[in-house]
Number of protein chains: 2
Amino acid sequence: MPNADTKTRIMDVGETLFAERGYEATSLRDITGKAGANLAAVNYHFQSKEGLLSAIFQRHVGPVNRERLLVLDAIEARASKRPPNVEKLIRAFLAPAFARRRERGADGARFMQLAGRMHSETNERLRSLLLDQFEEVAKRFGKAFSRALPHLARDEVSLRVHFLIGAMAHTLLWSDTMLGFESRKRRNVEPEEALESLVRFTAAGMTAPVAPRSEEGRR
Amino acid sequence: MPNADTKTRIMDVGETLFAERGYEATSLRDITGKAGANLAAVNYHFQSKEGLLSAIFQRHVGPVNRERLLVLDAIEARASKRPPNVEKLIRAFLAPAFARRRERGADGARFMQLAGRMHSETNERLRSLLLDQFEEVAKRFGKAFSRALPHLARDEVSLRVHFLIGAMAHTLLWSDTMLGFESRKRRNVEPEEALESLVRFTAAGMTAPVAPRSEEGRR
DNA sequence: GTCTATAGCATGATAGAC
DNA sequence: GTCTATCATGCTATAGAC
């Protein structure tokens, strides 16, 4: 959308470059140059580089997280007393992010990549951008997974949720340019295909038995 | 080790800062300052900032990947004709990285974090640093997983390996300062505990049935 | 092998005209 | 709201003395 107003154009380009190269590796000059805007416009509209990232991130993550919570509401209303189904919980968590990609085309793909990247961001200030946005989702889904997996220790559930998030973040970041693991050939992965496969994988992982199948495989 | 020679001190500090803040966010001045070395020393010993990262990375990843391949050799020798056991393959891939942490203490923990971070590096030049080092491991383990999961399509195996790597990378990056998913309380996770849990999770994921349990959970 | 000094350029941010 | 010009600082890298 090269005809959008300056503020939007900056956000669009910023989204692309932050997603492709990362926050630190992208300069405001890169962004304003590509957006056909003046360098000073970033500070005028967003106060700072961090402000720009924040605005970009919230544009997508707000709707995605609202959708996640809506689906979770529906699941809990239907399950009411019984513990919720793990695969449904996982799908409620993952599908809205992948759906946004389908709905928004290139825009959505860029957001997915940026979101994946933010999960490995360790800068405290940038990280709290992400954590603030996820506070309610984290709390609600954490509780739901604990209820759905009552036989697991709390810490074990927490670990497994981290694995789920890691697998998701990696998929969001790379599914556009995924490399074959054996050869280095690139291939694109359809978001729907990646989602279905990821749900299967993580649902099996979350519900895995606590006691290892055999304790001799250790060597 | 504040008494090591300059070259080693630079590598140690570089490892710490690259792991904590990322490559782009760390300057050579940060490194040489903390290492009590001269700014020019980096270029003298390592030619460039990239050269330093490369040296740091190879110091650990070489031994880890050699160990991975040794264990894989043993598994394939024992299984010979039959397809190898998936959980053993996973353990062969994951355990050497976690073992290095146990053996090397703080050094190993820093390396784990750096390694986790490299998996979400998209800079082509830095990324090929990682891919070059992993070429043989990727090829051998890719083949082994395909043999161990003959009922799955090649692309499905490849996707699942990516999920495995994503879960691993996230765990390597965060296990030192893992946040509870519900509350934001930090807690440290013992590497052994994380490894065992990760193996269980990913073994279940890799061996998950292809056909979804029920196709109505879609909504 | 280590130092100082500096080249040469990029950075985020802002002041102030229009 | 957009521009130019510029500040102050940071960056990687190198030349050359010791």
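Here is how names work: the chains are called A, B, and so on, in the same order as the sequence lines, proteins then strands, and each is numbered from 1.
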Paired with A:His60, the side chain to side chain donor-acceptor pair (under 3.5 Å) test is passed by just one of A:Glu15, A:Arg101, A:Arg104, namely A:Glu15
Please check: side-chain N/O of A:Thr16 versus main-chain N/O of A:Asp12, any donor-acceptor pairing under 3.5 Å?
yes
What is the 5' to 3' range of DNA chain D, first to last nucleotide, that sits under 4.0 Å from any heavy atom of chain A?
D:dG1 to D:dT4
Expected list for residues 38-47 of chain B near DNA chain C, using heavy atoms below 4.0 Å, is B:Asn38, B:Ala40, B:Tyr44, B:His45
Check whether A:Trp174 forms a cation-pi arrangement with A:Arg117 (NZ or CZ under 6.0 Å from the six-membered ring centre, at most 45° off the ring normal).
no
Okay, side chain of B:Thr202, backbone of B:Leu198: is any donor-acceptor separation there less than 3.5 Å?
yes
If the condition is salt bridge (Lys or Arg N to Asp or Glu O under 4.0 Å), which residues does B:Glu156 pass it with, not counting sequence neighbours?
A:Arg200, B:Arg160
Expected output: side-chain A:Thr122 to main-chain B:Glu20 donor-acceptor under 3.5 Å:
yes
Evaluate B:Met11 against B:Leu52 for side chain to side chain contact (heavy atoms under 4.5 Å, CB included), listing each step before the verdict.
CA-CA 7 Å; B:Met11 288 180 78; B:Leu52 171 60; 4.2 Å; yes
I need the CG-C1' distance between A:Leu17 and C:dT11, as an integer number of Å.
16 Å
Is there a residue in residues 20-31 of chain B whose heavy atoms reach under 4.0 Å of DNA chain D, and which residues are they?
B:Thr26, B:Ser27, B:Leu28, B:Arg29
Among pairs that include at least one residue of residues 39-54 of chain B, which meet salt bridge (charged side-chain N to carboxylate O under 4.0 Å, His left out), considering only residues two or more places apart or in two chains?
B:Glu50-B:Arg125
Donor-acceptor pair, side chain of A:Ser197 and main chain of A:Glu193, under 3.5 angstrom
no
Going by the rule side chain to side chain donor-acceptor pair (under 3.5 Å), which residues pair with A:Asp30 if we only count those two or more places apart in sequence or in a different chain?
A:Arg21, A:Ser27
